[in-house]
> 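I am attaching a structure below and will ask some questions about it afterwards.
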Amino acid sequence: MTRGSCGEIRPDTDLAVLKQILRRCSSLGKKHGYDEEGLPLDVPKGHFAVYVGEKRSRFIVPISFLTHPEFQTLLHRAEEEFGFDHDMGLTIPCEEVAFRSLTSMLR
């Protein structure tokens, strides 16, 4: 599989750590368009939103992606580049076309 601008795979990622990252992500806070539990109204159960590329295009992806090493690599890169204590939402440092290619292979 081509990793391109999305980085290399790290198989040592712990799924529990990835779930904790998503919970800490400030984009899940209580804002307009969010329910009483702080979850976005337009994101179906079992999915989460990420922002990708220079234009920060919004994608809704299934939680099952968290089990894929390629997606875990993206989350590690996001943590290294942006951290998770900010108001930008879960931002993936990857070109949009590469992200679309990766997610289409994971589906």
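For clarity, every value in this text was computed on a predicted model and none was experimentally measured.
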> If you link I, L, V, M, F, W and Y whenever their side-chain heavy atoms are under 4.5 Å apart, who else ends up in the same group as I60?
V43

> Once salt bridge (Lys or Arg N to Asp or Glu O under 4.0 Å) is applied, what residue pairs with a partner in residues 96-107 remain, sequence neighbours excluded?
E96-R100

> Can you name the nearest heavy-atom pair linking A98 to C94, along with the distance?
CB-SG, 3.9 Å

> Hey, what do you get for CZ (F71) to OG1 (T103), rounding to the nearest 0.5 Å?
8.5 Å

> Check the pair L90 / F82 against side-chain contact (heavy atoms from CB on, under 4.5 Å), numbers first and verdict last.
CA-CA 9 Å; L90 182 53; F82 303 114; over 6 Å; no

> Taking V97 as the starting point, is it possible to reach F65 by hopping between hydrophobic residues whose side chains are less than 4.5 Å apart?
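Unlinked, F65 and V97 end up in two clusters.
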
> Just wondering, do Y51 and I92 contact through their side chains at under 4.5 Å, heavy atoms?
no

> Which atom pair, heavy atoms only, marks the closest approach of R58 to D42?
NH1-OD2, 2.5 Å

> Mind checking the CG-CD spacing from L102 to E95? Nearest 0.5 Å is all I need.
13.0 Å

> Does any part of the side chain of H47, heavy atoms only, come nearer than 4.5 Å to the side chain of V61, both counted from C-beta?
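Side-chain contact under 4.5 Å: no.
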
> Out of curiosity, R77 CZ to L75 CG, how far, rounded to the nearest 0.5 Å?
11.5 Å

